[in-house]
K.L.:
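Please see the structure below; I have some questions.
Letters A, B, ... are given to chains in the order of the sequence lines, protein chains preceding strands, and every chain is numbered from 1. Bear in mind that the values here come from a model prediction, so they are computed numbers and not experimental data.
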Number of protein chains: 2
Amino acid sequence: MTAAAPVAPAPTAAAATDLAPHELRILVAVDRERGFSAAAKVLGLTQSAVSHSIHGTERKVGAVLFERGRKGATPTAAGTAAAAHARRVLRLLDTLAAEARGAEQGTVAGPLRIAAFRSAALYLLPPVLERLTARHPGIEPEVHVVRELGAGTAGEVAEGHADVGIATMGASSPVPAGLIGDVLIEEPYSLVHPAGHPAPRSLPLVDWHENCGSYTRQWWAGQDWIPKATVLTEDDGAVLSMVSRGLGMAIMPALSLNEAPDGIEITDLGPDRPTRSVGYITTPELASSVSVRALIRELRAARQ
Amino acid sequence: MTAAAPVAPAPTAAAATDLAPHELRILVAVDRERGFSAAAKVLGLTQSAVSHSIHGTERKVGAVLFERGRKGATPTAAGTAAAAHARRVLRLLDTLAAEARGAEQGTVAGPLRIAAFRSAALYLLPPVLERLTARHPGIEPEVHVVRELGAGTAGEVAEGHADVGIATMGASSPVPAGLIGDVLIEEPYSLVHPAGHPAPRSLPLVDWHENCGSYTRQWWAGQDWIPKATVLTEDDGAVLSMVSRGLGMAIMPALSLNEAPDGIEITDLGPDRPTRSVGYITTPELASSVSVRALIRELRAARQ
DNA sequence: TGCTTCTATGAGGGCCCTTCATGGACCGGG
DNA sequence: CCCGGTCCATGAAGGGCCCTCATAGAAGCA
């Protein structure tokens with residue numbers, strides 16, 4: 001019974017496959033800073049530590065995560081995917097502690113990162129968040145305005161930058177693969193034009209980048225009226241500004257019309273008007289988190 | 001730039017708040033087993049290690065997670081919430097590695113880890129892998145022979161040790177939960193016995209561990225012939241060897257008969273013969289990877 | 001009162017992460 | 001051309017952390 005037996009120090013070798021939180025943080029930092037040295041500086045570590053850590057991570061994952069070059073490190077496809085997951089894991093670790101503390105006190109607390117496109121952040125979220133924080137004072141919502149281009153708000157959620165996304169959803173792709181969500185409201189498009197204009201339909205159509213034409217394209221196809229010209233602006237706020245100055249007319253969803261200035265007339269397009277769906281998106285693992293569920297409940301209640 | 005800085009050994013104290021994977025595993029085990037000692041036994045650890053770990057976890061989380069009592073440990077509300085999150089974190093950590101590998105293979109090539117039972121690895125995979133590597137020279141298949149006991153090849157896939165598993169599938173449980181797959185071939189069992197034996201059915205039945213009797217049990221139930229004795233051997237190779245030496249007869253699937261030595265006679269069991277299904281199993285994440293899809297395509301093509 | 005079965009706690013050892021030194025590779029300028 | 005600058009890689013040494021080994025305390029049961 002002395003120290004004779006070495007008492008197998010590591011009976012299971014399978015444990016060597018999971019990544020520790022510090023490894024995840026290093027992975028995320030390298031992905032963000034695009035370099036080992038830069039990541040080391042941000043983390044307060046040595047470049048050597050980062051190099052060793054990434055090396056070990058690549059061994060455990062079984063894939064090359066970064067392309068090392070003279071100008072730093074650029075993530076491979078595997079590295080990008082791994083960093084996205086790492087952000088989600090770290091986020092979930094944060095909520096674990098926050099919600100465990102909340103469960104002890106019977107409250108709901110912790111940060112809640114929301115990605116939303118501009119008009120949703122300005123006109124849809126404020127009343128919702130007001131009621132949410134009134135009901136759960138511990139929740140700290142944080143809204144990031146994201147342009148609904150490319151992956152958009154859903155991309156922010158998938159990559160672990162946000163917990164919940166407010167997104168426009170085409171009928172074709174309701175929710176991206178690997179995420180979950182639902183439609184909250186279906187809002188109509190209306191015609192907006194300078195007030196008192198004699199022939200608004202003769203003006204050029206003003207559109208903006210985020211307004212993926214697919215929502216209105218089908219409607220246009222059924223119209224015998226085709227605008228002579230189309231002007232593309234930066235965002236829906238700029239569209240309204242142009243219309244109010246008499247420079248054109250536009251087809252805009254209801255959310256964007258909350259900020260309609262004077263000098264603008266809004267015309268309903270009738271029963272066949274185009275619509276777009278606005279919904280929420282989150283990850284499967286966060287969907288069961290208390291704060292996310294509380295937010296979704298308020299969103300649903302607000303849609304009426 | 002000299003050694004002016006005191007080189008603080010622990011510059012950040014915030015790192016002390018996140019939970020390592022092994023702590024999460026212990027947390028989940030205690031929640032499931034309702035006791036420190038029971039969890040320790042399951043994890044192959046000491047009760048002391050579990051106690052220390054939970055203590056540290058509670059300190060990091062900032063809440064009491066378990067109510068210690070005479071009959072073990074029962075989770076508090078905070079403990080239940082924490083354990084639920086811990087399970088999600090562990091699952092996300094698993095998918096991290098799997099999806100990173102999948103993303104890497106999405107490019108062109110990479111290692112492809114296949115878990116297969118013995119006879120599949122010896123007689124089913126070689127021609128398939130030959131065509132696969134001929135078509136995709138970048139793919140490096142790596143076959144692990146796994147005994148089809150317990151979780152078997154599906155377990156290897158579920159635990160992230162393999163990308164694709166070749167498994168025998170009972171009609172009852174086609175594919176384990178959380179994994180996806182499909183049946184490739186349905187192969188018949190045949191009677192094998194020493195060549196020229198006057199009364200082969202009077203010999204003892206030779207069976208082997210992996211041959212989960214469930215496939216043939218139903219067939220036996222419909223037979224009026226019940227073997228006098230059953231001998232259990234290590235694997236199907238040993239069964240064939242015993243039969244060839246006249247020590248018994250056996251009911252074996254076609255795949256195992258590829259290596260039939262001389263002195264063995266194979267008899268078809270007729271239209272009501274028992275069959276077993278052999279299929280592939282993979283994870284949803286990897287199912288979309290190029291190499292895995294390429295392998296499955298070749299497997300399907302080979303089944304004819 | 002023993003026996004059994006829980007958990008708690010302190011001391012010590014080994015693993016692993018980090019730092020410290022290097023070194024190699026590459027680029028641009030004098 | 002070489003030299004300084006910027007990357008990352010690598011091997012060796014140190015320290016923190018986690019685990020095991022003891023041992024103790026507490027509670028139920030015969």
K.L.:
To the nearest angstrom, how far is B:Leu45 atom CG from C:dT7 atom C1'?
P.N.:
16 Å
K.L.:
Indicate yes or no: at least one non-hydrogen side-chain atom of A:Asp163 is less than 4.5 angstrom from one of A:Arg91.
P.N.:
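Result yes, sub-4.5 Å side-chain heavy-atom pair found.
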K.L.:
Tell me, which of residues 27-36 of chain A have any heavy atom that sits under 4.0 Å from an atom in DNA chain D?
P.N.:
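The answer is A:Gly35, A:Phe36.
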K.L.:
Is A:Arg118 salt-bridged to A:Glu148, cutoff N-O under 4.0 Å?
P.N.:
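So A:Arg118 does not pair with A:Glu148 through a salt bridge.
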K.L.:
Where the side chain of A:Ser51 meets the backbone of A:Gln47, is there a donor-acceptor pair that is under 3.5 Å apart?
P.N.:
no
K.L.:
Could you state the NE2-C1' distance from A:His52 to D:dA13, rounded to the nearest angstrom?
P.N.:
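One finds 12 Å between C1' of D:dA13 and NE2 of A:His52, rounded.
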K.L.:
Any ion pair linking A:Glu142 and A:Arg113 (charged N to carboxylate O, less than 4.0 Å)?
P.N.:
no
K.L.:
Are more than 12 heavy atoms from other residues, nucleotides or ligands located less than 6.0 Å from atom CD of B:Glu130?
P.N.:
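No, the 6.0 Å shell around CD holds no more than 12 heavy atoms from other groups.
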K.L.:
Indicate, with a heavy-atom threshold strictly under 4.0 Å, whether A:Ala73 touches base, sugar-phosphate, or nothing.
P.N.:
sugar-phosphate
K.L.:
Can you tell which of D:dC19, C:dG10, C:dC6 lies closest to the side chain of B:Ser37?
P.N.:
C:dC6
K.L.:
Given atom CD of A:Glu58 and atom C1' of D:dC8, what is their separation to the nearest angstrom?
P.N.:
12 Å
K.L.:
For the pair made of NZ in B:Lys60 and C1' in D:dC18, what is the distance, rounded to whole Å?
P.N.:
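For the pair B:Lys60 NZ and D:dC18 C1', the rounded distance is 10 Å.
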K.L.:
Nearest whole angstrom, please: distance from the C1' of D:dC21 to the CD of B:Gln47.
P.N.:
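About 12 Å, once rounded to whole Å.
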K.L.:
Between B:Ser48 and C:dT9, is there a contact of a side-chain N or O with OP1 or OP2 at under 4.0 Å?
P.N.:
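False: B:Ser48 side-chain N/O out of range (4.0 Å or more) of C:dT9 OP1/OP2.
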K.L.:
Please classify the nucleic acid contact of A:Thr46 as base, sugar-phosphate, or nothing, using heavy-atom distances under 4.0 Å.
P.N.:
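The residue A:Thr46 makes sugar-phosphate contact but no base contact.
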K.L.:
List in numerical order all residues of residues 64-72 of chain B for which some heavy atom is under 4.0 Å away from an atom belonging to DNA chain C.
P.N.:
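Contacts with DNA chain C under 4.0 Å: B:Arg68, B:Arg70, B:Gly72.
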K.L.:
What pairs with B:Arg68 under salt bridge (Lys or Arg N to Asp or Glu O under 4.0 Å), at least two apart in sequence or on another chain?
P.N.:
B:Glu58
K.L.:
Heavy atoms under 4.0 Å, any strand shown: does A:His22 hit a base, just sugar-phosphate, or nothing?
P.N.:
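Since only primed, P, OP1 and OP2 atoms lie under 4.0 Å of A:His22, the category is sugar-phosphate.
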K.L.:
Could you walk me through whether B:Leu93 and A:Leu24 satisfy the side-chain contact (heavy atoms from CB on, under 4.5 Å) test, starting with their C-alpha distance in whole Å, then the side-chain angles of each, then the deciding distance to 0.1 Å, before giving a yes or no?
P.N.:
CA-CA 10 Å; B:Leu93 276 175; A:Leu24 300 178; 4.1 Å; yes
K.L.:
Between A:Arg147 and A:Asp235, does any side-chain N to carboxylate O distance fall below 4.0 Å?
P.N.:
no
K.L.:
Measure the distance from CD1 on B:Ile54 to P on C:dC6 and round it to the nearest whole Å.
P.N.:
16 Å
K.L.:
Can you check salt bridge (Lys or Arg N to Asp or Glu O under 4.0 Å) on A:Glu23 and A:Lys60, steps first, answer last?
P.N.:
CA-CA 11 Å; A:Glu23 291 179 295; A:Lys60 290 176 184 175; 3.0 Å; yes
K.L.:
Quickly work out the B:Arg59 CZ to C:dA8 P distance and round it to whole Å.
P.N.:
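These atoms are roughly 15 Å apart.
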